Amino acid sequence: MSERRVRVRFAPSPTGGLHIGGVRTALFNYLLAKKHGGDFILRIEDTDQNRFVEGAEKYIIESLKWCGIEPNEGVGFGDGAHAPYRQSERKPMYRQYAEQLVASDHAYYAFDTEEELEKWREDMKAQGVPSPQYSAVTRQYLANSTSLSADEVKLRLERGDKYVIRFKMPRNEDVKFHDLIRGWVTFNTSQLDDKVLLKHDGMPTYHLAHVVDDTLMEISHAIRGEEWLPSAPLHVLCFRALGWEATMPQYAHLPLILKPDGNGKLSKRDGDRLGFPSFPLTWKAFNKETNQEETATGYRESGFFPDAFINFLSLIGWHPGGDKEMMDMDELISSFSLEKVHKGGAKFDYEKAKWFNQQYLKSKPNEELAAAIKDKITAAGFTLSDEKLAEYCGLMKERSTFLNDLVPIGSFLYQDVLNYDNETIKKKWKPEIKAKWDEYIAGKDLSTISPDVMMNEYIAFSGLKTGEIMPMLRVALAGVLQGPPVVDMAKFLGSKGAAERLKKSFEYFETVH
RNA sequence: GCCGCGUUCGUCUAUCGGUUAGGACACCUCCCUUUCACGGAGGGAAGAGGGGUUCGACUCCCCUACGCGGUACCA
């Protein structure tokens with residue numbers, strides 16, 4: 001590798017929400033850029049007018065921000081020297097290169113309409129050709145500048161006939177290129193067809209846009225999904241034909257993220273169908289192509305922490321070696337390398353994602369968690385001081401997986417007990433528990449006695465075995481046989497609060513039969 | 001169909017010719033806790049199959065099987 005500055009790009013098309021496969025691609029680009037002190041660019045590939053979805057671009061930008069993998073150049077992140085970064089705005093730039101390829105006999109004009117091509121393909125299929133190619137052997141039978149006379153071509157062009165520019169794929173030639181993840185890969189051009197480079201509306205297809213933009217934007221590494229591998233030889237040939245081979249980016253085709261159950265790659269359309277979120281942020285939009293409202297729950301809305309989500313995502317299809325799994329962004333950056341990216345696809349495992357979140361939740365400072373759930377608590381109509389909320393988080397965080405669980409899981413601590421475990425009450429209730437409590441607490445000045453002392457004294461005073469009294473105290477304070485240690489709950493409630501709750505609960509227990 | 005890329009416990013993975021094939025998730029058992037968790041200690045669980053190369057293959061090569069991707073004026 002030369003001294004070339006590392007410049008990578010994440011180039012999604014705004015056709016819907018960003019799914020986790022896309023986020024991972026962005027992440028790996030980001031990690032490589034940061035590792036080498038390079039640039040990470042966001043380029044929007046909106047060359048298909050029909051598939052454009054309102055709001056998708058904004059969603060992509062917000063997602064990257066939430067994930068903490070912000071580009072330092074590109075749409076939504078500030079223009080650098082290579083603006084614009086939206087391909088629709090770069091439209092005028094592509095035609096000249098397509099024409100240049102025609103002039104150098106690497107491409108040609110094709111006048112076939114989409115309907116004609118469709119019919120042609122059907123005819124070919126009827127004749128037993130499974131996937132008809134527009135290629136060196138068939139292009140002579142189709143309407144293009146390699147089959148038509150120069151006059152005819154000139155006439156059609158002047159007349160304003162619609163046309164596309166197709167790459168003139170060599171008939172039988174091996175194209176070999178190096179992939180940072182897969183090593184040397186070879187394709188024979190006889191398997192490739194004359195791909196459209198410039199559409200009739202003057203927009204480039206992905207292929208031309210990739211070659212032109214990555215060259216103009218001085219991209220050093222093209223990191224993208226494995227689904228692009230089959231078209232990589234076309235791209236290599238385009239770089240060569242344009243005389244750009246020397247600055248061609250190094251390729252790295254990432255393994256796919258597969259659906260956890262069956263087969264196939266995780267796709268944008270999977271949404272919530274799989275029983276877990278597959279989008280970073282909740283996505284909602286009307287898709288005019290499918291004429292349907294699309295909804296997908298996000299990791300953020302599900303209560304994931306961005307760092308947990310990223311940590312988890314980074315380990316799908318990549319591992320730096322060794323046994324370490326918990327890594328923050330700095331560690332990911334320093335240990336990242338494309339050579340360590342796997343070749344094989346990885347099935348998505350949501351259980352592991354949850355585990356990561358739980359680990360992060362557990363390790364967060366109580367104050368940070370308190371700040372994060374404060375709004376939810378107040379929205380639910382409760383008021384707790386910051387200190388109290390932090391104490392609450394400390395008590396409950398080991399019992400939660402998500403930030404969202406944290407609020408309801410210990411609701412009995414910040415509000416009255418709403419539901420009692422009557423089965424346990426029926427089984428364990430003893431009248432002495434209340435009698436001894438009334439006797440113990442009579443005349444006590446609760447402002448001078450600490451909650452833990454109160455509880456311990458009462459337990460001793462009752463003369464009951466711990467197995468007889470503890471479950472009842474727990475149900476009295478929490479309503480259920482769950483939660484923090486009894487004394488800790490009492491401490492949280494305070495002597496007065498705990499005493500009031502015990503009194504009230506015991507009175508209720510007496511009525512349960 | 002054709003082309004390409006893949007294939008280590010159920011899942012994510014370590015291993016870069018020599019290991020009792022290690023870790024994590026999930027699952028099970030036990031300990032801690034007379035709660036639930038957390039934590040700790042154990043357990044079961046893997047090199048797709050067949051040929052080579054080699055003193056020695058999970059590691060290198062070939063074939064087969066299987067999986068995935070591509071085969072659009074979509075990306």
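Keep in mind the model is a prediction, meaning the values are calculated, not measured.
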Colleague: Checking base pairs now: Watson-Crick or wobble, both atom distances under 3.5 Å. What partners B:rA45?
Modeller: none

Colleague: Under the criterion ring pair (Phe, Tyr, Trp, His ring centres under 6.0 Å), which of A:Trp318, A:Phe276, A:Phe348, A:Trp355 is the partner of A:Phe312?
Modeller: A:Phe348

Colleague: Between C1' on B:rC12 and CG on A:Asn311, what's the gap in Å once rounded to a whole number?
Modeller: 13 Å

Colleague: Whole Å only: how far is the CG atom of A:Leu234 from the P atom of B:rG4?
Modeller: 17 Å

Colleague: Does the structure place the NZ or CZ of A:Lys436 under 6.0 Å from the centre of the six-membered ring of A:Phe461, at an angle of no more than 45° from the ring's axis?
Modeller: yes

Colleague: Think A:Arg156 forms a cation-pi with A:Tyr163, using NZ or CZ under 6.0 Å from the six-ring centre and within 45 degrees of its axis?
Modeller: no

Colleague: Give the rounded distance in Å between these two atoms: CZ of A:Phe187 and C1' of B:rC2.
Modeller: 12 Å

Colleague: Can you measure A:Ile257 atom CD1 to B:rG69 atom P for me and round it to whole angstrom units?
Modeller: 14 Å

Colleague: Have A:Asn172 and A:Asn188 got a donor and an acceptor in their side chains that come within less than 3.5 Å?
Modeller: yes

Colleague: Tell me, for nucleotides 70-75 of chain B in 5' to 3' order, what letter each nucleotide earns: B for a base near a protein heavy atom under 4.0 Å, S for only sugar-phosphate near one, - for neither?
Modeller: SB-BBB

Colleague: Provide the Watson-Crick or G-U wobble partner of B:rU35, both distances under 3.5 Å; none if there is no partner.
Modeller: none

Colleague: In terms of side-chain heavy atoms, does A:Asp201 have a donor or acceptor partner in A:Gln49 at a distance below 3.5 Å?
Modeller: no

Colleague: Tell me whether A:Lys343 at atom NZ has more than 12 heavy atoms from other residues, nucleotides or ligands lying less than 6.0 Å away.
Modeller: no

Colleague: Want to settle it: does A:Lys340 or A:Leu229 sit nearer the 5' end of RNA chain B, counting the closest nucleotide to each?
Modeller: A:Leu229

Colleague: Using Watson-Crick or G-U wobble geometry with both distances below 3.5 Å, tell me the partner of B:rU53, or none.
Modeller: none

Colleague: Within this structure, what is the CG-to-C1' distance between A:Leu180 and B:rC5, rounded to whole angstrom?
Modeller: 16 Å

Colleague: Rounded to whole Å, how long is the line connecting atom CD of A:Glu226 with atom C1' of B:rG6?
Modeller: 7 Å

Colleague: Check this for me, if you would: do A:Lys268 and A:Glu294 make a salt bridge, where the nitrogen-to-carboxylate-oxygen distance has to be below 4.0 angstrom?
Modeller: no

Colleague: Round to a whole Å and report the spacing from CZ of A:Phe177 to C1' of B:rC5.
Modeller: 10 Å

Colleague: Taking protein heavy atoms under 4.0 Å as touching, what does nucleotides 20-42 of chain B look like 5' to 3' if B marks base contact, S marks sugar-phosphate-only contact and - marks none?
Modeller: --BBBS--------BBBBSS---

Colleague: To the nearest angstrom, how far is A:Trp184 atom CH2 from B:rC5 atom P?
Modeller: 14 Å

Colleague: What integer number of Å spans the P atoms of B:rC36 and B:rU15?
Modeller: 40 Å

